[in-house]
Structure formats: structure tokens, C-alpha cells
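Below you'll find the structure, written out as C-alpha cells, and then a few comments.
Reckoned from all heavy atoms, side chains included, excluding hydrogens, waters and symmetry mates.
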Amino acid sequence: MTSSSEQATMVAVDGTDALAYVIIRPGASPGALTMEAGAKGLGKAAAAEVLRHIADQWGGLPEHQATRKVLAEIAGERRRQDDKFGVQNHPDGTGLSVYQHSARRYQDHAARAAASGTLAWRDVLLEEAHEALAESDPARLRAELLQVAAVATAWVEAIDRRTPGDDS
């Protein structure tokens, strides 16, 4: 992005040997960008992995660095799970009335804890997990599971903030 005092320049590069490319252009409105990407001779997943590596090297937005670090660790754990167990396709087993009851219980508990100033990550995660267990609709279950993953990610980020210098 350029400020009003900077000039945007165009650099021409012969990309005929490129396995993948990304072109970033100014967008239609101030501060907006348009992007074009492609891969030739390199699978899209491999190209995406290379681009993620470049983004990590460049640092990206500071507020997203902690999330990217945790998500990279999660991706590594998922690969280890697939290597160990293979692709798994279990039934969901959700939507039972016992889970609907427990979801309400954990929602009430989290609300009381928040009101009293004693809300803990445990409360937030359990509320989200039980809301997911209560869902039988696949789209709503997926949305709840993303919330579980987001809360777990935020919790790991909070642990990392409390333990400076621990890059494990």
C-alpha cells in the first residue's frame, strides 16, 4: 500500500519459469487491494504452503502473528493425526437431548461467571463445546465447531502471552 507521498511502481518480471505467482494491485477504493494468483507445475496446496511460509517470513500483521503461530501448530497436529490414524469419518453423535440440556447449563454457568467477574477460559470452551454437542444440523454444528476451535486458539494465545519467551 502506498501513502499519498509514495509512488506506486510497476516492475515487470519474466515469470515463464515461475511455479507460482501472486500479483497484488491497488483496488478500486483507497486502501483496497486486488490479488491474482496462479500455479503452474506446482500443486495449489504446495503453492499455498510456500506463500504461507513467505507471509510468516515477512511477519504479516502483528495482531495476527499469534493466531498464525497457533494455527500452524494446529495444522502440524492435524498432519500427525492423519499420519497416525488416517482420514477418519466418524458419525457426529450430536443433537441428543442430554447435550441440549448441558448446553443450556453451561451457557447459564458462563453468564453467571461473566457477571461475577470469574469467567475462565474453561467456562468459555465448555459452553462452546456443549453448544456444538447439542447441534444436529450439519451447518450449525460446523459453525459451532469453528467457535470451539476459535476459543481453543484464543486460549492457547493467552497462555503464550502469559509465558513470554516460551516459543514451544
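- Within the structure, side-chain hydrogen bond (donor to acceptor under 3.5 Å, both in side chains) contacts touching residues 28-37 (residues at least two apart or in different chains) are Tyr21-Glu36, Arg25-Glu36.
- Here the straight-line distance linking atom OG1 of Thr94 with atom CG of Asp137 works out to 9.5 Å at 0.5 Å rounding.
- Hydrophobic clustering, with ILVMFWY side chains joined whenever heavy atoms are under 4.5 angstrom apart, keeps Leu146 apart from Leu71.
- With contacts defined as side-chain heavy-atom distances shorter than 4.5 Å, the pair Arg105/His109 does not qualify.
- If you chain together hydrophobic residues whose side chains sit under 4.5 Å apart, Tyr99 and Leu141 never meet in one group.
- The salt bridge (Lys or Arg N to Asp or Glu O under 4.0 Å) search around Glu49 returns Arg52, not counting sequence neighbours.
- For Glu77, the side chain to side chain donor-acceptor pair (under 3.5 Å) partners are Arg80, Gln81, not counting sequence neighbours.
- When the side chains of ILVMFWY residues are joined at heavy-atom separations under 4.5 Å, either directly or via intervening members, Val50 and Met35 end up in a single hydrophobic cluster.
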Side chains of residues 110-121: which donor-acceptor partners sit under 3.5 Å, not counting sequence neighbours?
{"from": "Ser116", "atom 1": "OG", "to": "Arg112", "atom 2": "O", "distance (Å)": "3.2"}
{"from": "Ser116", "atom 1": "OG", "to": "Ala113", "atom 2": "O", "distance (Å)": "3.2"}
{"from": "Ser116", "atom 1": "OG", "to": "Thr118", "atom 2": "OG1", "distance (Å)": "2.9"}
{"from": "Thr118", "atom 1": "OG1", "to": "Ala113", "atom 2": "O", "distance (Å)": "3.4"}

Can you give the donor-acceptor pairs under 3.5 Å from side chains of residues 124-136 to other protein atoms, not counting sequence neighbours?
{"from": "His130", "atom 1": "ND1", "to": "Ser102", "atom 2": "OG", "distance (Å)": "2.8"}
{"from": "Glu131", "atom 1": "OE2", "to": "Gln107", "atom 2": "NE2", "distance (Å)": "2.8"}
{"from": "Glu135", "atom 1": "OE1", "to": "Arg140", "atom 2": "NE", "distance (Å)": "3.1"}

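- Using a 4.5 Å heavy-atom cutoff, the side chains of Thr67 and Val70 are not in contact.
- To the nearest 0.5 Å, the span separating CZ on Arg68 from CD on Glu157 amounts to 11.0 Å.
- Atom CZ of Arg142 has 12 or fewer neighbouring heavy atoms from other residues, nucleotides or ligands inside a 6.0 Å radius.
- Partners of Asp82 according to the salt bridge (Lys or Arg N to Asp or Glu O under 4.0 Å) rule, which considers only residues two or more places apart in sequence or in another chain, are Arg78.
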